[in-house]
Structure formats: C-alpha cells, structure tokens
Undergrad: 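If you scroll down you'll find the structure; I have some questions about it.
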Amino acid sequence: MDRLDIRNITAHTALYGIIGKPVRHSLSPVMHNAAFKAIGIDAVYLAFETKDVKKALDAMKCLDIKGFSVTIPNKEGVIDYLDEIDNAVARIGACNTIKNSNGRLFGTNTDWLGAVEAIREKADLSGLKAVVLGAGGSSRAICYGLLKKGADVTICNRTLERAEKIATDFGCRARPLTDAANLRAGLLINTTSVGMSPNVDEMPIPEHAVKNFDIIMDIVYSPLETKLLKKAKEAGKKTISGIEMLLNQAAWQFEFWTGEKAPRDVMKEALYKTLNGNHA
Ligand code: ATR
C-alpha cells in the first residue's frame, strides 16, 4: 500500500474526513485522497471514529475542517447541528455530506445521487418499474432518488410497517418481503444486508425469482459479487454492483466540496486496489 507522502503536507493543507462509528473499514479515505492528489488539491482526508457528533461538528467549525462525510450511526443525528440543509436531506431525513463554508455548515445527501447515477448507466429511470428490497436508511435515500427521476417504486420489507412509512412519506407502494418473488419489474435493488459477508450464501429473494427482473442491483459490496448478482448474471440479467453506488456518492461529495470534476477513474482504481489488497 502507498503511504501518504507527508512531505507534501504544509500549514496550508486543508483537512477533510469521515465521521461515524465504526469508520476503520471505510473506503472513503482512499478514494478522496487519490482524487485530491490527482487534481493537485492541497488537502488530506482522514477517518474520525466519532464519540459525540455535536462535538465533532463544533470541532469542524473551530478547526476549519472543510468537509465531512457522515456514516452510520450519525447520518440522522448530524442534521440538528447543521446551519443549512437541502431538500434531499429534509426529505430523506439523513445527511451523508457536510461542507464548511466560512464557518457555516451545509448538509447534503449524495447517496441518492450515487445510486441514480449507477442505474442511469444501464437504464432510463423515467417510467421504470422498480422493486426495492429493504426499508432502512439506504432504502429511503434510494427510493427518494428513484421517485425523483420518475420511476414507479414498490418497497418490499421483512417488517412491513417500515416499508409503509417510506411509501406514505414518498408516495409509492409497500409490500411484505415475501411478495417480492411474485413481482415483475425492470429493476430490482437489494438494500437489505442479506448476502453480506460472512453470510455470502444468502439471497434476499429465492433464486428462481431472479428471472422476473431485467436489471438487478445490490448495494452490498462485500463480497464484490453477492450471490444475488451472481445468480442474476447466470440468468443473463444486467447487474449493478454496490461498489458503483459507493464510488458515485463519493465522486458527488468531492464535487460538492471542491467545485472540481471528480476524477472517477482515479477514485475507482484506488477503490479496487484497496478492495483487492485488503477486503476481497
Ligand atoms: P441501512 O441504513 O443500511 O439501510 P438498516 O436501517 O439497518 O440499514 O436496514 C436494514 C434493512 O435490511 C432493513 O430493511 C431490514 O429489514 P427489517 O426492517 O425487517 O429489519 C433488512 N434486513 C436485515 N436483515 C434481514 C434479513 N435477515 N432478512 C430480511 N431483511 C433483513
């Protein structure tokens, strides 16, 4: 692994980071540091395991930390301490990106943008029938994005009430998870943790139901190819891996902070290098 070249750090170097807990597994530092280096921006990005979110945001202002990514469990809790939020944060109820502009903290959400961008490479979302498995925070961000782009969304969740809450808030349909196998749609997105390491032999829908969907996306990226994606490929379906969403949400963060076009190829290379070295 390349070590950070600390000889390049000066008293002018800007600081960015990720807050949340746990953060030591985060792939954001490798992506953002590679991007800063490629564009020639004098900045570093670190991971901060966060004990107290209010104090972290006070420190952001006090130390003029330029930007934070926010991860579990702080995406909802940070909102109370921000000076301004955009419509996406207000509707989704979660913030994954904070920008410090002269001491004012502005919150946005790039998770939905990352998901939409990953899907758009394979399909036109307008009028597309989509089935979303899961009704947690990730599902909420993705459903927001899908509906904003004109998709027709059905959320299927083990706990029906959670799906119904999102459906009521956003105006779409909710069904029990067990119904998913009987639905047909252009797009299926798994936002549950089913199939995530170490439970790599699990799938959120039965194997035979894969045939009911044209494109299958899994936001789980550990393993890189979940059983759901493997079976989808075997059935000749188009697939979208969780790594695409991860990469795209980071690229949008980078652009939001710096105003520069994110070097997606560089970020992707750094991401895969780390995954192949440490995570695969
Ligand atoms: P995130 O913020 O990543 O979306 P979350 O809020 O913990 O995470 O949501 C996890 C999702 O995975 C939920 O939809 C959860 O279903 P419940 O609402 O019924 O808990 C779903 N999930 C987790 N384990 C599951 C399992 N073994 N089978 C089916 N769904 C599961």
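Note that ligands are numbered from 1 as they come in the structure, with each ligand's atoms numbered from 1 the same way.
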Undergrad: Just how far is it from atom CD of Glu76 to atom CD1 of Ile92, taken to the nearest 0.5 Å?
TA: 11.0 Å

Undergrad: Show, in sequence, the C-alpha distance, side-chain angles and deciding distance for Tyr45 and Ser69, and conclude whether the side-chain hydrogen bond (donor to acceptor under 3.5 Å, both in side chains) test is met.
TA: CA-CA 10 Å; Tyr45 182 109; Ser69 307; 2.5 Å; yes

Undergrad: I need the contact type for Arg158 against ligand 1. Using non-hydrogen atoms and a strict under-4.0 Å cut-off, is it side chain, backbone, both or neither?
TA: both

Undergrad: Check this for me - ligand 1, Ser138, N or O atoms closer than 3.5 angstrom, yes or no?
TA: yes

Undergrad: Tell me the nearest of Thr159, Thr178, Ile166 to atom 17 (P) of ligand 1, using heavy-atom distances.
TA: Thr159

Undergrad: Within this structure, what is the CG-NZ distance for the pair Leu229 and Lys238, rounded to the nearest 0.5 Å?
TA: 15.0 Å

Undergrad: For Ser193, take its heavy atoms, then give the atoms of ligand 1 lying under 4.0 Å from any of them.
TA: 12 (O), 23 (C), 24 (N)

Undergrad: Counting only heavy atoms from other residues, nucleotides and ligands, does the tally under 6.0 Å from NZ of Lys237 exceed 12?
TA: yes

Undergrad: Is the contact between Asn157 and ligand 1 made by the side chain, the backbone, both, or neither, using heavy atoms and a 4.0 Å cut-off?
TA: side chain

Undergrad: Heavy-atom contacts under 4.0 Å between Thr192 and ligand 1: side chain, backbone, both, or neither?
TA: both

Undergrad: May I ask you to check whether Leu177 has an N/O atom sitting below 3.5 Å from an N/O atom of ligand 1?
TA: no

Undergrad: Parallel, tilted or perpendicular for Phe68 and Phe48, by the 30°/60° rule?
TA: perpendicular

Undergrad: Looking at Glu260, is its backbone amide N or carbonyl O close enough to the side chain of Thr258 to form a donor-acceptor pair, meaning the two atoms are under 3.5 Å apart?
TA: yes

Undergrad: Which residue holds the protein heavy atom closest to atom 5 (P) of ligand 1, what is that atom called, and what is the gap in Å?
TA: Gly136 CA, 4.0 Å

Undergrad: Establish whether atom 10 (C) of ligand 1 and some protein heavy atom are separated by less than 4.0 angstrom.
TA: no

Undergrad: Is the NZ atom of Lys268 crowded by more than 12 outside heavy atoms at less than 6.0 Å?
TA: no

Undergrad: Consider every N or O of Gly137 and every N or O of ligand 1, then say whether any pair is closer than 3.5 Å.
TA: yes

Undergrad: By number and element, which atoms of ligand 1 are closer than 4.0 Å to a non-hydrogen atom of Gly134?
TA: 14 (O)

